[in-house]
Amino acid sequence: MGVRDTKQEADRDLEKKTLCLEVIRRLKKEYPLAPCTLSYDDAWQLLVSVRLAAQCTDKRVDMVTPKLYEKYPTVAALAAADPADIEAIVKPCGLGHSKARDISACMRVLHEKYNDRCPDTFKELLALPGVGRKSANLVMGDVFGKPAIVTDTHCIRLCNLIGLVDGIKEPAKVERELWKIVPPEEGSDLCHRFVYHGRAVCIARRPQCDRCCLRDICHYAAETGDAKKAEEAK
């Protein structure tokens, strides 16, 4: 890479960082409170919930987990449970067999290796059965208050539409690009705000650009002309 290319890349990063800071400012104002959309009391419960949330809505997960915890209220109890019994409860979340298997294996590791506690390092979380980067980042940010970026479907979709990343769909690659432009202390909350904004306004297949707080800085709105239409409609 030549000097000119390096400068162009640095300029692009600076432009995206400036855009990102403005997105953060506006979404903070729009969603001052942005808690995790999954209900949990303990770190191990969040691990269970995020595994169940794969290809399933958070709402359905929150309907199922109380039944699971009523029967298995602790890590030790869930670790000792027959995976088939776990599957019978979590089946409404879809992929019941694989999710029950992963939850059982994960709880056994927490019980046997970590004395029923959840590890607080990204490397250790990522080594747990059924835990990927998204899950590990969620726990790091929400439970332990450490820098984290959760690249779920809302985050990936909105970042591409807004212009924070350019045509990148792979979660790990989006995460890597966001680390370049998102202040570490803002990452976790920003990703939660993407979820809220994605559900309420920037809806998949039908973004509501006319009522979006980002419409004048969003690349998608500019390309489709929705930002201009929204201003003219005022």
Side-chain angles (χ1 to χ4, degrees), residues 35-144 148-159 168-176 188 191-192 194-195 198-199 204-205:
C36 180
T37 52
L38 290 166
S39 297
Y40 69 96
D41 292 321
D42 298 296
W44 67 270
Q45 292 179 342
L46 182 55
L47 283 175
V48 170
S49 288
V50 74
R51 181 64 187 95
L52 293 177
Q55 298 183 41
C56 179
T57 65
D58 292 354
K59 183 178 180 180
R60 183 172 293 277
V61 171
D62 285 346
M63 292 171 61
V64 168
T65 49
K67 301 173 185 176
L68 182 67
Y69 302 147
E70 181 179 4
K71 187 170 183 179
Y72 307 109
T74 64
V75 171
L78 202 49
D82 189 318
D85 292 334
I86 298 174
E87 181 179 351
I89 298 174
V90 304
K91 190 175 181 180
C93 293
L95 304 175
H97 184 72
S98 60
K99 289 180 180 180
R101 178 196 62 209
D102 287 343
I103 289 169
S104 175
C106 183
M107 294 303 110
R108 287 201 302 272
V109 172
L110 293 188
H111 180 61
E112 296 167 5
K113 185 175 181 179
Y114 294 104
N115 194 30
D116 294 357
R117 299 182 67 83
C118 185
D120 63 356
T121 70
F122 189 81
K123 183 178 180 179
E124 288 176 302
L125 285 167
L126 204 56
L128 294 173
V131 176
R133 295 189 67 86
K134 182 179 76 172
S135 304
N137 270 302
L138 186 62
V139 173
M140 288 292 285
D142 271 52
V143 176
F144 300 114
I149 291 177
V150 182
T151 50
D152 64 3
T153 54
H154 288 290
C155 176
I156 294 169
R157 182 170 59 83
L158 267 65
C159 284
I168 304 174
K169 304 298 183 182
E170 298 88 343
K173 290 183 179 179
V174 172
E175 180 188 338
R176 184 167 62 246
S188 183
C191 292
H192 284 322
F194 280 147
V195 173
R199 290 178 177 179
R205 297 179 183 164

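Residues take their numbers from the sequence shown, with the count starting at 1.
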Residues in side chain to side chain donor-acceptor pair (under 3.5 Å) contact with Asp85, at least two apart in sequence or another chain:
none
Are Leu125 and Ser135 close enough that some pair of their side-chain heavy atoms sits under 4.5 Å apart?
no
Leu52, Val48, Thr65, Leu95 screened by side chain to side chain contact (heavy atoms under 4.5 Å, CB included) with Val90, the one that passes
Leu52
What side chain to side chain donor-acceptor pair (under 3.5 Å) pairs are there with at least one residue in residues 38-48, not counting sequence neighbours?
Ser39-Asp62
Starting at NE2 of His97, measure out to CD1 of Ile86 and round the result to the nearest 0.5 Å.
11.5 Å
Rounded to the nearest 0.5 Å, the CG atom of Leu138 sits from the CE atom of Met140 at a distance of 11.5 Å
Listed partners of Ser104 passing side chain to side chain donor-acceptor pair (under 3.5 Å), at least two apart
Arg108
Quick one: are Arg133 and Pro171 in side-chain contact, heavy atoms under 4.5 Å?
no
State, yes or no, whether a side-chain contact exists between Leu110 and Pro119 at a heavy-atom distance under 4.5 Å.
yes
When you compare the side chain of Cys118 with that of Val139, does any pair of heavy atoms fall below 4.5 Å?
yes
Applying side chain to side chain donor-acceptor pair (under 3.5 Å), name anything that partners Asp152, two or more places apart in sequence or on another chain.
none
Side chains of Glu87 and Asp82: does their closest heavy-atom pair fall under 4.5 Å?
no
Given the options Val109, Val75, Asp120, Tyr114 meets side chain to side chain contact (heavy atoms under 4.5 Å, CB included) only with Val109
Report yes if some heavy atom in the side chain of Lys99 is under 4.5 Å from a heavy atom in the side chain of Cys56; otherwise report no.
yes
Heavy atoms from other residues, nucleotides or ligands near CD of Glu170 exceed 12 (cutoff 6.0 Å):
yes
By side chain to side chain contact (heavy atoms under 4.5 Å, CB included) - contacts of Ala127 (at least two apart):
none
Are the side chains of Cys93 and Arg51 in contact, using a 4.5 Å heavy-atom criterion?
no
So does Arg60 have more than 12 non-hydrogen atoms from other groups sitting under 6.0 Å from CZ?
no
With sequence neighbours excluded, residues passing salt bridge (charged side-chain N to carboxylate O under 4.0 Å, His left out) with Asp142
none
